[in-house]
Amino acid sequence: MEMRTKRDIHVRYRRGVCAMDEDIPQGANTAQKGPSVRLSPCSTWPPDKVDIIRHILERAGDKWSVLVIASLRDGPRRYTDLQRTIPGISQRMLTLTLRQLRRDGLVTRTAYAEVPPRVEYALTTLGATLLGIVASLADWAVTHHAEIRENQARFDASAVVARRPVDRQ
């Protein structure tokens with residue numbers, strides 16, 4: 001079995017193996033002529049920054065991170081308030097998500113020396129820059145959820161039909 005190094009993965013990734021690749025005909029906004037070339041938003045990323053950019057996109061696009069960021073838009077919240085405003089999130093997942101967002105500098109944690117202890121989470125200035133993006137994504141989901149459900153049902157129905165055995169007599 002061939003061992004691949006981190007460099008090999010970067011080179012492979014940089015050569016157009018990117019989820020956002022698209023075929024763009026040469027000559028269209030390029031100085032080259034001939035067949036189409038493979039361009040990608042990923043191709044603009046500095047090779048030594050690919051890992052961190054992918055990490056940031058994974059974090060910002062994670063469903064729990066999006067919901068935590070959106071829940072903090074109106075200001076600091078206590079842990080239990082966050083848990084109540086995010087349906088379906090477990091205590092463990094909320095704790096992990098908050099820790100990751102704190103590590104990335106998107107959320108702060110402030111502990112108050114009170115009885116009972118009080119801890120609040122708030123967006124940092126950097127975290128607040130994601131609010132517009134998160135709000136747009138949430139608005140898009142609200143607007144298109146019915147259409148997506150219909151597409152899922154249609155796809156699932158066609159997959160069931162395709163899997164049925166054919167009766168041969």
Side-chain angles (χ1 to χ4, degrees), residues 1-26 28-32 35-112 118-145 148 151-152:
M1 183 166 142
E2 178 184 323
M3 292 292 294
R4 291 184 359 192
T5 65
K6 213 174 198 180
R7 183 184 177 285
D8 293 332
I9 293 168
H10 287 301
V11 170
R12 181 171 172 260
Y13 192 79
R14 298 283 299 159
R15 285 190 183 145
V17 182
C18 174
M20 297 183 281
D21 282 348
E22 55 184 87
D23 285 323
I24 297 181
Q26 285 192 345
N29 295 329
T30 67
Q32 300 173 342
S36 65
V37 293
R38 202 87 163 132
L39 293 179
S40 155
C42 304
S43 65
T44 62
W45 299 350
D48 60 328
K49 305 286 191 265
V50 170
D51 286 341
I52 188 64
I53 292 171
R54 289 176 71 193
H55 168 79
I56 293 166
L57 291 173
E58 287 170 10
R59 175 77 55 246
D62 171 74
K63 73 176 177 180
W64 298 122
S65 296
V66 167
L67 293 173
V68 167
I69 290 167
S71 296
L72 291 171
R73 77 178 166 269
D74 295 326
R77 286 186 179 249
R78 296 175 81 166
Y79 183 92
T80 52
D81 293 336
L82 281 172
Q83 200 168 22
R84 278 189 219 117
T85 60
I86 303 171
I89 194 166
S90 68
Q91 183 176 347
R92 180 180 185 280
M93 188 52 65
L94 180 56
T95 300
L96 288 172
T97 302
L98 286 167
R99 186 176 298 134
Q100 291 168 341
L101 291 171
R102 284 179 50 218
R103 181 174 181 258
D104 292 339
L106 302 175
V107 168
T108 60
R109 178 184 187 270
T110 306
Y112 297 93
R118 180 172 56 119
V119 176
E120 289 183 339
Y121 294 90
L123 290 175
T124 63
T125 305
L126 180 62
T129 63
L130 284 172
L131 280 174
I133 297 164
V134 167
S136 295
L137 181 61
D139 290 345
W140 182 89
V142 168
T143 302
H144 297 288
H145 76 279
I148 289 171
N151 291 334
Q152 291 171 339

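Values in this document were obtained by computation on a predicted structure and should not be read as measured data.
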Problem - pair Val119-Thr110: side-chain heavy atoms closer than 4.5 Å - result: no
Handout entry: Non-hydrogen side-chain atoms of Ile86 and Val68 separated by less than 4.5 Å
Key = yes
What are the two closest heavy atoms between [X] and [Y], and how far apart are they?
X	Y	result
Glu120	Tyr112	OE1-OH, 3.3 Å
Val134	Ala70	CG1-CB, 3.8 Å
Ala122	Leu72	C-CD1, 4.3 Å
Leu82	Ser71	CD2-CB, 3.7 Å
Ile69	Gly127	CG2-O, 4.3 Å

Exercise for the section: Evaluate the criterion salt bridge (charged side-chain N to carboxylate O under 4.0 Å, His left out) for residue pair Arg84 and Asp81; output intermediate values, then yes/no. Expected result: CA-CA 5 Å; Arg84 278 189 219 117; Asp81 293 336; 3.1 Å; yes
Between [X] and [Y], is there a donor-acceptor pair closer than 3.5 Å when you use the side chain of the first and the backbone of the second?
X	Y	answer
His145	Val142	yes
Asp62	Trp64	yes
Ser65	Arg59	yes
Thr124	Gly105	yes

Once rounded to the nearest 0.5 Å, what's the spacing between atom [atom1] of [X] and atom [atom2] of [Y]?
X	Y	atom1	atom2	result
Glu58	Gln100	CD	CD	10.5 Å
Leu131	Ser136	CG	OG	10.5 Å
Leu67	Met93	CG	CE	12.0 Å
Arg73	Leu123	CZ	CG	10.5 Å

Fill in the blank from the handout: For Arg109, the side chain to side chain donor-acceptor pair (under 3.5 Å) test, sequence neighbours excluded, returns Tyr121
Handout entry: Arg54/Asp51 salt bridge by N-O under 4.0 Å criterion
Key = no
Completion exercise
Sorted by chain and number, sequence neighbours left out, side-chain contact (heavy atoms from CB on, under 4.5 Å) with Ile53 holds for Trp45, Pro46, Lys49, Leu57
